Amino acid sequence: MSIEVLMTTISNVIEAKYTPSEIEGKWVEKWSKEKLYEVTEDSQKPKSYVLIEFPYPSGDRLHVGHARSYSCLDAVARLRRMKGMNVLYPMGWDAFGLPAENYAIKTGVHPSVTTKQNIDHAKKQAMAWGLSFDWTREVNTTDPDYYRWTQWIFIKLFEKGLAYKEEITVNWCPSCKTNLANEEVVDGKCERCGAETERRKQAQWLLRITAYADRLLEDLNTVNFREDIAAQQINWIGKKAGINIRYKVQGARFKNQEIEVFTTRPDTNFGATFVVLAPEHDLVAQVAKTSVKVRNYVKTALDKSERERQMEGKKKTGVFLGLYAINDLTGDQMPIYVSDFVLSGFGTGAVVGVPGHDVRDFEFAQAMKLPIRRVVVGNDGDTTEITKIEQVQEEEGIMVNSGFLDGLDIHEATVRVMDYMEEKGLGKRASSYHLRDWIFSRQHYWGEPIPMVHCSKCGWVPVPEEQLPVKLPQVEKYQPSGTGQSPLATISEWVNTTCPACGGKATRETDTMPNWAGSSWYFLRYCDPLNNKVLGDKEKLAYWLPVDWYNGGMEHTTLHLLYSRFWHKFLYDLGIVPTAEPYARRTSHGVVLGPDGKKMSKSKGNVINPDEVVSKYGADTLRMYEMFIGPFEQSVAWSWESVEGVFRFMKRVWTLITSQETNMVTQSSGEAVRRLHALNKKIENDLEGMKFNTAVAAMMEFLNWWTDHKSELGKAEIEKFVLLLAPMAPFISEELYQRLRGPSDKFSSVHTQSWPKYEVEFERDQEVTMVVQVDGRVRAKITTKASAERTEIEKLALEQENVKKYLDGKKYRVVFVPGKVVSFIVE
RNA sequence: GCCCAGGUGGCGGAAUGGUAUACGCGUUAGUCUCAAAAACUAAUGAGCCAAAAGCUCGUGUGGGUUCGACUCCCACCCUGGGCACCA
């Protein structure tokens, strides 16, 4: 033992100093032994399902960002438990993923080994932080007993026609050697490794999430998501209402064909002068057979990576196909082009060009020297020929040169022309979506095997339910082959199997599922984690669902959140889950930035290790600091000085409550009772309202008052103060509570006590400071009872010197706001 | 370009129509100490003033509504996040 440690130990004994390391560990063990946070269905109690996003157990351990959201929601879970609710606050591991696989590629250590080590460590961290998880419900997505059901859901999707395999152009990451979902490509680069993605044609499994687009959109109205989360989902689904218009094609070999275009602006159709098709369009392929020019253009366009397309900017290129489409409104022949600015995945992959009223069409018309017609006059009143891009009238205006639409506002005209087209059979109202089907195949080892078998006679056949799970086999090399096949393809004894349908020779699917699979339904498994008959018992699911409060990162808004809503709705349709939506309320936390205000990263050297905070200041300080750091939904920079501030608070609480002087007080003053009452209400409202920072501030404020009025708080009120502290700082409050209670045979934790109730009558007796204003300026302050009469208060206000001075015999009128202000307005 | 969030002391922030700057940090002074640290006490938006009292100004900018605006309305500027050749 060093001298320093010895000195500290001695002084602790003498002064009974606050030493978190001496109290926290012992309570973790005690709570676990007492099964304090274990929960079962109880129809007598109102349930509350509080959920945080389960982490990926990485080698970097849980970081201060995890600590922030887990601590805050833990305070909510603890508060609700004390309020008598049956609270489910579970934890698990989203453990399939690249880091473990990459580590395996480098070292040959099986990912399950690394994963287990990481989970063990992270679990120790979570326990040390005093998080009240029910560990008997822990789930792990890489556990075959878990992914058996992930595979089972996939088979159900397949059976309902919502999973299908198709040759598509995919985003290929040459570094990760796998394809990526559209959502995983950011700025033409791989979201994970940053390598530029390439385009490849490959057969892939897709999930038909687009079949649920409308419901995913509409049901947002039935849940309480933070507004920007809902807005982002709406944007991502990107529903646009319009019309599909059919045009007859004119040209030697294509006489009987038609082209269908999607547009949201059929009102401008009298101004249409050309049609443009995406390079992937069928008609383009037909023309390409005989036209070298078209063939070359299509080839170049399809070879371009996402990145190259962006580099080229918005410069318009294209080739005339030598064909025309007939505009039924005008009888005009419109030349048909192919151009890569038209996307095959949106609408019908074909657009009608109205260069006067769409900037992209204008640019294309200029590049191809096509005619430009004005059919709308905007608010600027400009009726001249459109020759400059600034003149393109898109947003509003009145129809001109448009036959029966002339004189109508564009919005009325849109409805009128759609009715007309539908009546004449020229088109049909339709919607188009930004949302695409979910590319579900990955060529990695460390993921759930897709439980499908391919038979040359029967096609794709699902593995029979009783043979699930299809376990991940051992491989020699974890490295993806690079040919577009996962490492599983090299194990011929695993790949070669028999067809479950006909018994003939067949091969297994060797692709695995993406990361998002296991996390799309984990919250269901928490309700019944050990069930080996079904994914979850119906009654248990009915008891716990929906999740009452789900908190997670903003980065999961368009991926995980949408995917899991989709799976949940699918399971709802199968009658497996009781609710159409999984999450009743969704919030998200801000990122904890480094002390320099930048995102934490190893390369910047600004990473804060939560374990270091715990060993230096204790878990209670870590928790309360992370609550106090700033508004929960906002990103905030780490500040060691503020950690010190919170630690000072903990020390002051400790010293005050353990001191002899404080414990001599037998009777609380009225003011103390009233203040504590107000605090009680504030903590409850702030925690439920996600205002963790002001909840901590209120505790501090009360402590400041108490420090100045040490003789005013008796034992009952001190105990109440400790109860109010318990959800936020579980360790110190347990320790102090037990000390206040004194020795007892039967252990009764502070965390199983009832939350104090606040009563309205306290508010009536409350003293309030009212402001006296003259002409809107504060001239005096008076203190009265909240229940005082208006006339009495006004009289008091008029007696104030500084008020008299300004009124001075003048005529005035009075505005009176009870409890707040008396305002004199000189006439 | 479109959608969302935000702009308040030296710093993190509080206040959603009624005392702007709660709470924390920092700074200054003091107590304790041989000294320092810790702890405790006090002060701390700016200006006028020796000081106090008092007055004036002050929440990104410019207008408006109101007895009264950080808060509501209109226009604009800036920062962060999301989407983006989506017809």
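Chain letters run A, B, ... following the sequence lines, proteins first and then strands; every chain starts at 1. Predicted, not measured: the structure shown is a model, and the values here were computed from it.
The side chain of A:Val351 approaches B:rA87 more closely than any other nucleotide in the set B:rG54, B:rA87, B:rU41. Side-chain proximity of A:Val815 to the nucleotides B:rC67, B:rC23, B:rU19 is greatest for B:rC67. Here B:rA87 is the nucleotide among B:rA87, B:rA14, B:rU19 with the atom lying nearest to any side-chain atom of A:Thr264. Checking B:rC23, B:rA87, B:rA39 against every side-chain atom of A:Lys240, the shortest atom distance belongs to B:rA87. Of the candidates B:rU41, B:rG54, B:rA20, the closest approach to any side-chain atom of A:Thr707 belongs to B:rU41. With B:rA15, B:rA39, B:rC67 as the candidates, the nucleotide lying closest to the side chain of A:Arg648 is B:rA39. With B:rG24, B:rG18, B:rA22 as the candidates, the nucleotide lying closest to the side chain of A:Lys820 is B:rG18. When each of B:rG12, B:rC83, B:rC4 is scored by its nearest atom to the side-chain atoms of A:Glu227, the top-ranked nucleotide is B:rC4.
Remark on RNA chain B: of its neighbouring residues A:Lys682 and A:Phe824, the 5'-side contact belongs to A:Lys682, judged by nearest-heavy-atom nucleotide. Each of A:Pro631 and A:Val696 has a nearest nucleotide on RNA chain B; the 5'-most of these lies closest to A:Pro631.
When the P atom of B:rU16 is taken as reference, atom CG of A:Asp686 falls 11 Å away, rounded to whole Å. For the pair A:Phe628 CZ and B:rC23 C1', the interatomic distance rounds to 5 Å; values are reported in whole Å. Here B:rG81 presents its P atom at 22 Å from CD1 of A:Ile234, a figure rounded to the nearest Å.
Nucleotide B:rC32 is matched to nothing when pairs are restricted to Watson-Crick or G-U wobble geometry with both distances under 3.5 angstrom. Both distances falling under 3.5 Å, in either a Watson-Crick or a G-U wobble arrangement, place B:rU27 opposite B:rA43. The partner of B:rU65 cannot be assigned: no Watson-Crick or G-U wobble pair with both contacts below 3.5 Å exists in any strand. Using Watson-Crick or G-U wobble geometry with both donor-acceptor distances under 3.5 Å, B:rA87 finds no partner in any strand shown. As the counterpart of B:rU21, no nucleotide is assigned, since no Watson-Crick or G-U wobble pattern has both distances under 3.5 Å. Base pairing annotation: B:rA5 forms a Watson-Crick or G-U wobble pair with B:rU79, both donor-acceptor distances under 3.5 Å.
In terms of heavy atoms, A:Val352 sits closest to A:Ala272 at CG2-CB, 3.4 Å.
Using bins of under 30°, 30° to 60° and over 60° for the plane-to-plane angle, the ring pair A:Trp706/A:Phe721 lands in the perpendicular bin.
In this model, no side-chain donor or acceptor of A:Gln634 finds a partner on the base of B:rG6 within 3.5 Å.
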